[in-house]
Chemist: 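One structure, as structure tokens, below. Some questions next.
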Amino acid sequence: MNDLVVSINKNTLKVTAIINNNLISLSTGLPSDVVHDSKITDAGKLSEAIDSLLAEDIKFSRKKLTLTFVVEPQDIHLSFVTVNKNGTDFEEQIVTDLKNKLGDTVLENMYFSYEKIAPFVYQVIAIEKQQLETYFLISNTLKISLKSVLPWVLLIPKYVNTNDSSIFISKSEDDQVVALSDLGGIYFTGVYQNEKSTEELQKLVQDLSVYKRSKPIDIIYTLNYESFSLANGYNVRHVDVPNLGEVQPGFEINILTNYMLDFSQDMLSSHFNLLNLIPLPVVEKKNVSLVQIGSGLGAVVLVGLLFGGFMYLRNSGNPPSETAGEATSVLSSVDEPEQTTASSENEKSSEEPAPELKKEELKVRVENGSGINGIAARTQTLLEKLGYVVPEIDTAAQNEDTTVLRFKPDKVQYKDLLLEDMKESYPDIKVAENLEETAEYDLLIIVGTNVALE
């Protein structure tokens, strides 16, 4: 609740919010020197336009609001990359494929990420750095915490709760948007200013539906269409907008986003939220001199100045992560001058203390063995908030009744720490020490069907 959702398309600014259980929908036209279609050209003037709408119609404390920007399909790159075992690093394959698909766009000017959604298949998302950073500038100007930046076309498969191969056809202002979805992701979007005829649309659907598959896609979802039909053989399903109040025509995408922010909060920690594409500064723990500490701290401060407090806004409302406290840890890790007197030596215990376990030094892989959609990502989010490193998630080869922790033998000392951190959401955990030494991770967690994670 209290999510302020902002979208821009066809030089029209639309703002929705649900405040005190009341749906508020506001809009205004914008001149070409402020936005060009959906691209922001003057962040200051756009901030003024949003501020003007809020001042007139939303009587609510800014401190209690959070801000979400909706990204139009034409302003983002979405694709699938299929990697192969040809000796080339899979990351190199993904970057090469992305460069080819971006054409004249320079990859260095983009924020991008990729996520494994099936064996050898990755969902790739990319957006221009300048555009994403502009959202931060507007958030700071308005003094409203920036919660998320969401491409609405990615939300629809999640909203209808399907991982099936499907085609989505929707109207956005005067544009017609066609997207192909598979495995819960999007690998094609087309935005057409002139609405296609039934014949043209059917040919496009046929071309898309046979892409790299033997069986054509026959499931079509439509949004913002009063009536829609294709030839026999297609299963056309209309997507109803959530009932959050009286919906004005043209605000359907905003309303859907408002709904997803409340009922699918796990997406905020995934790469659906483009804020997660921006790399956070990393401070490495090591024994360093005071001069080195000063230089490192200066770099962190410089990042803070460049982003104008963006990292605070980005994490607003979320528990602080272990990484967020790294700068303090570096400063506190400077050793006091070593005592060399005989008395101090005699005071030392003859028994060495157990080494401190550092969560960030345990590399974890999570696999979904529960059959519950999205549970691996939710487990990843939970563990990362606790300070563990979880670079990869996947689907287990088979379902498990009970959650299993498989450690490498030299990492089993983390067992008690993990069991304590996971006990509330993962009852009756099994522990094994049989993870292969050749594995690229230290711990494999297979989430079982008895998971109690909310």
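Count residues from 1 along the sequence.
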Chemist: Applying salt bridge (Lys or Arg N to Asp or Glu O under 4.0 Å), name anything that partners Asp428, two or more places apart in sequence or on another chain.
Modeler: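 Listed in chain order: nothing, the list is empty.
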Chemist: Between His36 and Thr41, do the side chains contain an N or O donor and an N or O acceptor separated by less than 3.5 Å?
Modeler: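 Their side chains do not contain a donor-acceptor pair, so the 3.5 Å distance test is not met.
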Chemist: Identify, with sequence neighbours excluded, every residue that meets side-chain contact (heavy atoms from CB on, under 4.5 Å) alongside Asn368.
Modeler: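 For Asn368 the side-chain contact (heavy atoms from CB on, under 4.5 Å) partners, ignoring immediate neighbours, are Ser370, Ile375, Ala376.
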Chemist: Is the shortest distance from a Lys or Arg side-chain nitrogen in Lys10 or Asp174 to a carboxylate oxygen in the other one below 4.0 Å?
Modeler: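 No.
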Chemist: Can the ring centroids of Tyr122 and Phe90 be said to lie less than 6.0 angstrom from one another?
Modeler: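 Close enough - the centres of the two rings lie under 6.0 Å apart.
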Chemist: Not counting sequence neighbours, list each pair that qualifies as a salt bridge (charged side-chain N to carboxylate O under 4.0 Å, His left out) and has a residue in residues 223-241.
Modeler: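 Found none.
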Chemist: OG of Ser148 to OH of Tyr135: how many Å apart, nearest 0.5 Å?
Modeler: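 OH of Tyr135 is found 11.5 Å from OG of Ser148.
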Chemist: Quick one: which residue pairs count as a side chain to side chain donor-acceptor pair (under 3.5 Å) with a foot in residues 430-443, not counting sequence neighbours?
Modeler: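 Residue pairs passing side chain to side chain donor-acceptor pair (under 3.5 Å), neighbours aside: Arg406-Asn434.
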Chemist: State which residues pass side-chain contact (heavy atoms from CB on, under 4.5 Å) with Lys203; sequence neighbours excluded, sorted by chain then number.
Modeler: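 By the side-chain contact (heavy atoms from CB on, under 4.5 Å) rule, Lys203 matches Asp207.
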Chemist: Any luck finding a side-chain donor-acceptor pair between Tyr111 and Glu128 under 3.5 Å?
Modeler: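 There is no such pair between these side chains.
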Chemist: With sequence neighbours excluded, what pairs up with Asp75 under the side-chain contact (heavy atoms from CB on, under 4.5 Å) test?
Modeler: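 Per chain and number, Asp75 pairs via side-chain contact (heavy atoms from CB on, under 4.5 Å) with Ser38, Lys39, Val71, Glu72, Gln131.
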Chemist: Check whether more than 12 heavy atoms from other residues, nucleotides or ligands sit under 6.0 Å from atom CD of Glu195, and answer yes or no.
Modeler: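 Enclosed.
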Chemist: Output every pair passing salt bridge (charged side-chain N to carboxylate O under 4.0 Å, His left out) with a member in residues 248-258, not counting sequence neighbours, ordered by first then second residue.
Modeler: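 Residue pairs with at least one partner in residues 248-258: there are none.
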Chemist: Could you check if a side-chain atom of Leu30 sits within less than 4.5 angstrom of a side-chain atom of Leu46, using non-hydrogen atoms only?
Modeler: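 With C-beta onward as the side chain, the pair touches.
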Chemist: Could you tell me which residues satisfy ring pair (Phe, Tyr, Trp, His ring centres under 6.0 Å) with Tyr221, sequence neighbours excluded, listed by chain and number?
Modeler: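 If we apply the ring pair (Phe, Tyr, Trp, His ring centres under 6.0 Å) test to Tyr221, skipping adjacent residues, the hits are Phe168.
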Chemist: Rounded to the nearest 0.5 Å, what separation is found between the CD1 atom of Ile217 and the CG atom of Asn235?
Modeler: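 If I round to the nearest 0.5 Å, the distance is 12.5 Å.
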Chemist: Mind checking ring pair (Phe, Tyr, Trp, His ring centres under 6.0 Å) for Phe272 and listing every partner two or more places apart, or none if nothing turns up?
Modeler: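 With sequence neighbours excluded, Phe272 shows a ring pair (Phe, Tyr, Trp, His ring centres under 6.0 Å) to no residue whatsoever.
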Chemist: Which pair of heavy atoms, one from Ile255 and one from Pro242, lies closest together, and at what distance?
Modeler: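 Closest approach of Ile255 to Pro242, heavy atoms only: CG2-O, 3.8 Å.
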Chemist: Got a second to check how far Arg365's CZ is from Leu443's CG, nearest 0.5 Å?
Modeler: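 Those atoms lie 11.5 Å apart.
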Chemist: More than 12 foreign heavy atoms under 6.0 Å from CG of Asn194: is that the case here?
Modeler: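 Not more than 12 within 6.0 Å, no.
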Chemist: Which value, rounded to the nearest 0.5 Å, describes the distance between Ile167 atom CD1 and Ile219 atom CD1?
Modeler: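 Rounded to the nearest 0.5 Å, the CD1-CD1 separation comes out at 10.0 Å.
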Chemist: Could Lys14 and Phe251 be counted as a cation-pi pair, given that NZ or CZ must be under 6.0 Å from the ring centre and within 45° of the axis?
Modeler: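 The answer is yes, since Lys14 meets both limits relative to Phe251.
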Chemist: Begin from the C-alpha positions of Tyr414 and Glu361 and carry the test side-chain contact (heavy atoms from CB on, under 4.5 Å) through to its verdict.
Modeler: CA-CA 10 Å; Tyr414 282 85; Glu361 294 181 359; 4.0 Å; yes
Chemist: Between Thr96 (side chain only) and Gln93 (backbone N and O only), is there a donor and an acceptor less than 3.5 Å apart?
Modeler: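 Side chain of Thr96 to backbone of Gln93: no pair is present.
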Chemist: Quick check against the 3.5 Å criterion: does Ser139 have a side-chain atom that pairs as donor or acceptor with the backbone of Ile144?
Modeler: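 Yes; at least one donor-acceptor contact below 3.5 Å.
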Chemist: List the atom of Ile186, the atom of Pro157, and the distance in Å for their closest heavy-atom pair.
Modeler: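 Distance-wise, the nearest heavy atoms are CD1-CG, 3.9 Å.
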Chemist: Walk me through whether Gln123 and Tyr187 qualify under side chain to side chain donor-acceptor pair (under 3.5 Å).
Modeler: CA-CA 7 Å; Gln123 168 80 73; Tyr187 76 80; over 6 Å; no
Chemist: Measure across Glu384 and Val390 and return the closest heavy-atom pair with its distance rounded to 0.1 Å.
Modeler: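 Looks like OE2-O, 3.1 Å.
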Chemist: Between Ser264 and Met267 (side chain of the first, backbone of the second, donor and acceptor by atom type, cut-off under 3.5 Å), is there such a pair?
Modeler: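 No.
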Chemist: Using the ring of Tyr192 (Phe, Tyr or Trp, six-membered ring only), decide whether Lys196 places NZ or CZ under 6.0 Å from its centre and within 45 degrees of its axis.
Modeler: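 Yes, Lys196 lies over the aromatic ring of Tyr192.
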Chemist: At their closest point, which heavy atom of Asn254 faces which heavy atom of Ser7, and how far apart are they?
Modeler: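 So the minimum-distance heavy-atom pair works out to OD1-OG, 2.6 Å.
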Chemist: Around atom NE2 of His238, are there more than 12 heavy atoms from other residues, nucleotides or ligands closer than 6.0 Å?
Modeler: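 Counting neighbours around NE2 of His238, more than 12 heavy atoms of other residues, nucleotides or ligands fall under 6.0 Å, so yes.
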Chemist: Measuring from Leu23:CG to Asn258:CG, what's the distance to the nearest 0.5 Å?
Modeler: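 It comes to 7.0 Å.
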Chemist: Quick check: do Val81 and Val121 have side-chain heavy atoms less than 4.5 Å from each other?
Modeler: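 A side-chain contact is absent here, since even the closest heavy-atom pair is not under 4.5 Å.
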Chemist: As an exercise, state the distance from NZ of Lys101 to CG of Leu78, rounded to the nearest 0.5 Å.
Modeler: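 If I round to the nearest 0.5 Å, the distance is 10.5 Å.
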Chemist: Let me see the working for Met422 and Ile429 under side-chain contact (heavy atoms from CB on, under 4.5 Å), right down to the final yes or no.
Modeler: CA-CA 9 Å; Met422 298 177 66; Ile429 296 176; 3.9 Å; yes
Chemist: Which residues pass the ring pair (Phe, Tyr, Trp, His ring centres under 6.0 Å) test with Tyr259, not counting sequence neighbours?
Modeler: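 Tyr159, Phe263.
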Chemist: Will you find, in the side chains of Asn9 and Ser172, an N or O donor that is under 3.5 Å from an N or O acceptor?
Modeler: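 Yes.
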Chemist: Report yes if the side chains of Thr66 and Asn2 come closer than 4.5 Å at any heavy-atom pair, otherwise no.
Modeler: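 Not touching, per the 4.5 Å side-chain cut-off.
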Chemist: Kindly determine whether Leu208 and Phe188 satisfy side-chain contact (heavy atoms from CB on, under 4.5 Å), including the steps that lead there.
Modeler: CA-CA 9 Å; Leu208 290 176; Phe188 170 86; 3.6 Å; yes
Chemist: Mind checking ring pair (Phe, Tyr, Trp, His ring centres under 6.0 Å) for Tyr225 and listing every partner two or more places apart, or none if nothing turns up?
Modeler: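 Partners of Tyr225 under the ring pair (Phe, Tyr, Trp, His ring centres under 6.0 Å) test: Phe228.
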Chemist: Quick one: are Phe80 and Leu180 in side-chain contact, heavy atoms under 4.5 Å?
Modeler: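 Counting from C-beta outward, Phe80 and Leu180 never come under 4.5 Å.
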Chemist: Mark yes or no for whether Lys408, through its side chain, and Ala439, through its backbone, hold a donor-acceptor pair below 3.5 Å.
Modeler: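 It does hold such a pair.
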Chemist: Evaluate the criterion side-chain contact (heavy atoms from CB on, under 4.5 Å) for residue pair Leu154 and Ile125; output intermediate values, then yes/no.
Modeler: CA-CA 10 Å; Leu154 270 176; Ile125 300 178; 3.6 Å; yes
Chemist: With distance as the sole criterion, is a donor-acceptor pair present between the side chains of Thr68 and Asp3 under 3.5 Å?
Modeler: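 Judged by distance alone, the side chains do not pair up.
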Chemist: Restricting to non-hydrogen atoms, name the atom on Leu357 and the atom on Gln413 that form the minimum distance, rounded to 0.1 Å.
Modeler: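 Heavy-atom minimum between the residues: CD1-O, 3.3 Å.
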Chemist: Sequence neighbours left out, what passes side-chain contact (heavy atoms from CB on, under 4.5 Å) with Ala377? Give chain and number order.
Modeler: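 Applying side-chain contact (heavy atoms from CB on, under 4.5 Å) to Ala377 gives Ile393.
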Chemist: Charged N to carboxylate O under 4.0 angstrom, Glu356 versus Lys358?
Modeler: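 No, Glu356 and Lys358 are not salt-bridged.
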Chemist: Ignoring hydrogens and geometry, is there a side-chain-to-backbone donor-acceptor pair from Asn273 to Asn276 under 3.5 Å?
Modeler: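 A pair under 3.5 Å: no.
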Chemist: Indicate yes or no for a side-chain donor-acceptor contact from Lys129 to the backbone of Glu108 under 3.5 Å, with no hydrogens or angles considered.
Modeler: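 Such a contact is found between Lys129 side chain and Glu108 backbone.
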Chemist: Give me the atom names and distance for the closest heavy-atom approach of Val153 to Ala179.
Modeler: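 Closest approach of Val153 to Ala179, heavy atoms only: CG2-CB, 3.6 Å.
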Chemist: Take Ser170 and Asn224 through the test side chain to side chain donor-acceptor pair (under 3.5 Å) and record every step on the way to the result.
Modeler: CA-CA 6 Å; Ser170 61; Asn224 295 346; over 6 Å; no
